[in-house]
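Notes follow once the structure below has been shown.
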Amino acid sequence: MTIFATYMEKKLILFDFDGTLCDTRESIVRTYHMVIDKLGLEDKDDELLASTIGTPLVKAYPFLFPHMTPEEATNAVAVHRSFWDTRQDILQPKLFPGVADTLAVLADKGYTMTIASARRRDTLRHYLDIFGVAQYFDFILGVEDVVNAKPEPEAVLVTLEHYGCDAADALMVGDMPVDILMGAGAKVATCGVTYGNSCREELAASGADYIIDEFKELLDVPFISK
């Protein structure tokens with residue numbers, strides 16, 4: 001890995017998935033409502049449900065339902081994943097505009113691209129395959145690959161170690177404050193996107209070095225354009 005890093009001509013870009021590459025907001029919120037209905041839980045506002053995107057489900061359900069026991073939370077997560085895996089007829093997400101074209105440009109420029117997500121690795125690979133962009137990602141970390149989830153920096157640190165890459169040569173791109181905090185905790189540059197599940201004000205407050213409104217604008221941030 002050290003040899004690879006020594007001769008790596010371009011820098012490393014780490015991407016969040018949900019809300020950054022893929023528009024899964026409606027699918028995730030609908031899944032939550034399906035679980036709530038099945039388990040007879042108190043319904044929640046769509047905005048509150050969406051605010052948990054990027055957080056592992058095992059943490060999201062206790063946040064949404066503070067009185068849940070650990071066993072009830074585990075069951076809710078299992079039901080959630082079952083709906084997600086079996087109801088793709090109504091839950092199919094899609095890439096955000098400009099993602100595929102921009103990834104192709106970055107690949108042509110020689111950038112190494114990876115994913116650090118709170119989603120399961122098997123579903124990440126599935127969507128990357130069906131969207132036709134799997135070839136752009138050398139390294140994929142899902143929720144099962146880290147002990148300490150976002151906003152802890154573990155996923156970024158593991159990726160840096162995997163490539164023998166210095167923090168100064170890496171950029172974390174995500175739509176939620178937890179993505180920005182994860183990157184900052186590993187001392188890499190960070191870029192927030194406003195079209196996902198957060199907003200410019202929240203991303204700025206979390207300390208994002210760059211903020212963009214469309215994915216294609218990533219090509220213009222100083223980390224990449226300089």
Side-chain angles (χ1 to χ4, degrees), residues 13-36 44-57 60 64 80-107 113-137 140-143 149-150 155 171-180 182-183 190-203 206 208 210-221:
I13 308 174
L14 303 90
F15 291 99
D16 169 54
F17 184 77
D18 295 277
T20 301
L21 299 177
C22 188
D23 185 0
T24 55
R25 179 188 173 102
E26 181 180 354
S27 300
I28 291 173
V29 169
R30 290 185 71 177
T31 305
Y32 270 128
H33 283 303
M34 293 164 70
V35 175
I36 288 169
K44 301 293 182 180
D45 178 80
D46 287 359
E47 291 300 318
L48 177 60
L49 297 174
S51 73
T52 69
I53 295 175
T55 302
L57 291 173
L64 293 169
H80 188 114
R81 288 175 172 169
S82 176
F83 277 132
W84 188 272
D85 291 342
T86 61
R87 295 307 313 272
Q88 284 300 300
D89 57 321
I90 63 172
L91 298 174
Q92 183 69 53
K94 58 188 177 183
L95 288 181
F96 282 108
V99 167
D101 290 343
T102 303
L103 292 176
V105 172
L106 291 169
M113 293 180 282
T114 72
I115 290 179
S117 173
R119 175 177 292 282
R120 287 178 297 155
R121 192 181 341 104
D122 63 333
T123 65
L124 288 169
R125 293 188 182 280
H126 169 71
Y127 288 127
L128 294 173
D129 283 337
I130 65 173
F131 295 144
V133 295
Q135 69 273 23
Y136 299 130
F137 298 98
I140 298 172
L141 288 180
V143 65
K150 306 174 186 180
L171 173 70
M172 178 69 217
V173 183
D175 71 308
M176 297 291 281
V178 290
D179 298 312
I180 305 305
M182 176 175 67
T190 57
C191 179
V193 304
T194 63
Y195 54 77
N197 299 296
S198 187
C199 63
R200 178 173 292 271
E201 292 74 21
E202 291 177 346
L203 293 166
S206 67
Y210 315 109
I211 300 177
I212 59 177
D213 299 314
E214 297 181 71
F215 191 81
K216 65 182 181 181
E217 294 175 6
L218 186 60
L219 298 173
D220 298 322
V221 304

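In what follows, every heavy atom counts, from backbone to side chain, and hydrogens, waters and symmetry copies are set aside.
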> Yes or no on side-chain contact (heavy atoms from CB on, under 4.5 Å) for Leu141 and Leu124, after CA distance, side-chain angles and deciding distance?
Replying inline: CA-CA 9 Å; Leu141 288 180; Leu124 288 169; over 6 Å; no

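- Contact check for Tyr136 versus Leu106: no side-chain heavy atoms found under the 4.5 Å cut-off.
- The side-chain heavy atoms of Tyr32 and Leu64, taken from C-beta on, include a pair separated by under 4.5 Å.
- Inter-residue side-chain proximity for Arg200 and Asp213 is flagged as met; some heavy-atom pair is nearer than 4.5 Å.
- Glu214 contributes atom CD, which lies 8.5 Å from atom OG1 of Thr194 (distance to the nearest 0.5 angstrom).
- Considering all non-hydrogen atoms of both residues, Ala116 and Met182 come closest at CB-CE, 4.2 Å.
- For Gly174 against Asp16, the heavy-atom pair with the smallest separation is CA-CB, 3.9 Å.
- Note that CG of Asp122 and CG of Asp85 are 7.0 Å apart. Values are rounded to the nearest 0.5 Å.
- By the 4.5 Å heavy-atom criterion applied to side chains, Asp101 and Lys216 are not counted as neighbours.
- Shortest non-hydrogen contact noted between Phe96 and Thr20 is CD1-O, 3.6 Å.
- Between Val143 and Ala118, the shortest heavy-atom contact is CB-O, 3.2 Å.
- Note: Phe17 CZ to Ile140 CD1 = 9.0 Å, rounded to the nearest 0.5 Å.
- Listed here is the closest heavy atom pair of Gly19 and Val193: O-CG2, 3.7 Å.
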> Passes side-chain contact (heavy atoms from CB on, under 4.5 Å), Tyr210 versus Val173? Steps please.
Replying inline: CA-CA 9 Å; Tyr210 315 109; Val173 183; over 6 Å; no

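- Remark: side-chain polar atoms of Asp179 are paired, donor with acceptor, to backbone N or O of Met176 under 3.5 angstrom.
- Here Phe15 and Phe215 bring their ring centres to under 6.0 angstrom of each other.
- Within a 6.0 Å sphere centred on NZ of Lys44, heavy atoms belonging to other residues, nucleotides or ligands number more than 12.
- Within the 4.5 Å cutoff, the side chain of Tyr195 has no heavy atoms near those of the Pro97 side chain.
- Inter-residue side-chain proximity for Leu49 and His33 is flagged as met; some heavy-atom pair is nearer than 4.5 Å.
- Interatomic distance, Ile130 CD1 to Lys94 NZ, rounded to the nearest 0.5 Å: 13.5 Å.
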> After noting the C-alpha distance and the side-chain angles of Gln92 and Tyr127, does the key distance pass the side-chain contact (heavy atoms from CB on, under 4.5 Å) rule?
Replying inline: CA-CA 9 Å; Gln92 183 69 53; Tyr127 288 127; 3.6 Å; yes

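- Shortest non-hydrogen contact noted between Leu128 and Phe137 is CD2-CE1, 3.8 Å.
- In this structure, the separation between CZ on Phe83 and OG1 on Thr31 is 8.5 Å, given to the nearest 0.5 Å.
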> Would Ile28 and Asn197 satisfy side-chain contact (heavy atoms from CB on, under 4.5 Å), going step by step from the backbone distance to the final call?
Replying inline: CA-CA 11 Å; Ile28 291 173; Asn197 299 296; over 6 Å; no

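- Between Arg120 and Arg81, the closest side-chain pair of non-hydrogen atoms falls below 4.5 Å.
- For the atom pair Leu171 CG and Leu14 CG, the distance stands at 8.0 Å (nearest 0.5 Å).
- Enclosure of atom CD in Gln135 by more than 12 non-hydrogen atoms of other residues, nucleotides or ligands within 6.0 angstrom is indicated.
- Under a 4.0 Å N-O distance rule, the pair Asp175/Arg25 does not qualify as a salt bridge.
- Residues Leu203 and Ile180 have side chains in contact (heavy-atom distance under 4.5 Å, counting atoms from C-beta outward).
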